[in-house]
Protein chains: 2
Amino acid sequence: MSLSEPERPFRVLLFGLGAIGGFYAYILGKNKNVSLSVIARSNHDAIKQYGLKIESDVHGKQTATIDHIYKSVQDISTTFDYIACAHKAINHDTVPPLFKSVANDQTTFVIIQNGVGNEEPFRLVFPSNTIISCVTWTGAVQKTPGTITHNTNENIQIGLFPNPSLDSKLEQARLQTCADLLQQGGTRYSIESDIQVARWEKVVWNAAWNPLTTLTGLTVQDWLQTSPEAETFTRQLMEDVIAVGRRLGVALKDGLAEELIAKVVAMETPIYSSMYQDAQSGRPLEMNVIVGFPMRKANELGMEVPGLRAIYALTNAVNLRLKAGTKE
Amino acid sequence: MSLSEPERPFRVLLFGLGAIGGFYAYILGKNKNVSLSVIARSNHDAIKQYGLKIESDVHGKQTATIDHIYKSVQDISTTFDYIACAHKAINHDTVPPLFKSVANDQTTFVIIQNGVGNEEPFRLVFPSNTIISCVTWTGAVQKTPGTITHNTNENIQIGLFPNPSLDSKLEQARLQTCADLLQQGGTRYSIESDIQVARWEKVVWNAAWNPLTTLTGLTVQDWLQTSPEAETFTRQLMEDVIAVGRRLGVALKDGLAEELIAKVVAMETPIYSSMYQDAQSGRPLEMNVIVGFPMRKANELGMEVPGLRAIYALTNAVNLRLKAGTKE
């Protein structure tokens, strides 16, 4: 299938229209041969009334081109070629079944989320489908409903979560089409031959900075300076997550922990994290995909991971308190 | 020196008149042959005006008999036989030098505080003096300034922090006199041949429950139920502290961690901690005597203590944030 002469527009559904979802809605909406549907929840009314606004240091002030806007999957009576999921990975096992009525065997799922293990619940419900897994480094926030502010950070790594029951050429073609859509939208991307390396590299970063900022109430940079033990513990925690990834066959490079610590120390902006912001606002945390999955795999593999276990137990406890709505 | 025919009253100074200090002021004030001076800080004015009130499930409603009440050591021009310290162990290195003008070589220091390592700053400043070290299990709170509410929990373990430069019989006599004062005050106490065992047993308890409730915002019982990892991590943390104590020569018994976990699980009241209360109120934490000293000794001894290190690094970071007055 060639993009120059499509038989019909690609039907794309974007689920989760927060900062990242909203940014990629703008990118996908730039394609004339894309029919873009979105499911917006908390910001549905604002977008319905005023449209989805993007204020980007790269792309300028724009309004996204969206063909259909829905509140839930139940309101849709068609099927999609691509279903992109950019919602927060909370209770993420419950999401894939929602798409049963709008997907068929030809539907490709595109997962744009933090964490690891995000693909498994999709594979379980849709064993015959292609899954594209993405790691985004795009810096966007949604301070008011329906308005996405984007800085100059813009990149998305995409790759297959290979389906052994499908022809690999078919899967590659679907991946290439996804890349073409991003290309035409004028955004930076790269195709990764092993996307799990990128996912795990980012999860090593997130498994440290998200819980540590959440538990201490400090920025990453301040945290690292509180004591020599703070840095030692951070390194141990990262090494534990790296060890789990490697045991799962992900080729994580040597020196990764040091590199990630050096990277954050060199950053001029004080870094909190999305998990810190969620905790401060009393929202549930993206617990399972960031520390829960590595912890579960470590347990299954009988690995001793004291740093990961400490941070898992503490963050999980904070998350349960937040979910119970208990006052701190 | 016999209590039945004292040549003059025992001059006792009590420093720190919070819940525990206030309770033992009441006990000591019951002795006719004690001249009791107290240094009250935050509650000085209330006590000066209305007296120090005790509302105890054991002792009834009482007013403590206090001979002299001061705001600071600088206001005092005498020396004391006993100086009892029941202040919170924050920056505790700075306290012993305060007593230089009110102590002589005959003065015995009585330390009624949580934690371990509390005696060292006193020994450093007063190398020729006797130090009595106490572990209290008395349940008292001061909800309004100058009024101490006491439940039925009442016990204090006392013992020597032996001074190798003093005759042990002299030290034993001073310990016995201290015991007699408690005896005449009608409170429960026990003399411990090795008080460090009691101190470390309590610090194993406190090093777990204080930081864990502070970091998670949950009661101890709720925390332990959040995940299997929560209990595993708690046990590891306790075992780390026990290992440090043992390396310092403290004969901690086998099965202590299990015993302490079982003890708190069996308690019917939901248990937070004093550190949790301090953190909630934005006050600095009793960090050094509870987790700082074990961590420092582990570092000096080159011990690998991943559970202790995790909890030290995180609690220390929270404490630094609180001390900096940074908004959480």
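So that the names make sense, note that chain A is the first sequence line, chain B the second, and so on, each numbered from 1.
A cation-pi arrangement is not found for B:Lys253 relative to B:Trp200, the charged atom failing to lie both closer than 6.0 Å to the ring centre and inside a 45° cone about the ring normal.
Only the side chain of B:Asn299 comes within less than 4.5 Å of a heavy atom in chain A; its backbone stays farther off.
B:Asn210 and B:Glu286 share no donor-acceptor pair across their side chains, judged by distance under 3.5 Å alone. Using a 3.5 Å distance cut-off with no hydrogens or angles, the side chains of B:Glu119 and B:Gln196 do pair a donor with an acceptor. For the residue pair B:Trp209 / B:Thr234, no side-chain donor-acceptor distance below 3.5 Å is found, with atom types taken as modelled. Side-chain atoms of B:Gln113 and B:His92 include no donor-acceptor pair closer than 3.5 Å. Side-chain atoms of B:Asn316 and A:Glu229 include no donor-acceptor pair closer than 3.5 Å.
Residues of residues 302-311 of chain B that come within less than 4.5 angstrom of chain A, heavy atom to heavy atom, are B:Pro306, B:Arg309, B:Ala310, B:Ile311 in numerical order.
Interface summary for chain A: among B:Thr315, B:Asn319, B:Thr232, the most heavy-atom pairs under 4.5 angstrom belong to B:Thr232.
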Legend entry - Stepwise side-chain hydrogen bond (donor to acceptor under 3.5 Å, both in side chains) check, A:Ser133 with A:Arg199: CA-CA 9 Å; A:Ser133 190; A:Arg199 287 200 88 83; 2.6 Å; yes
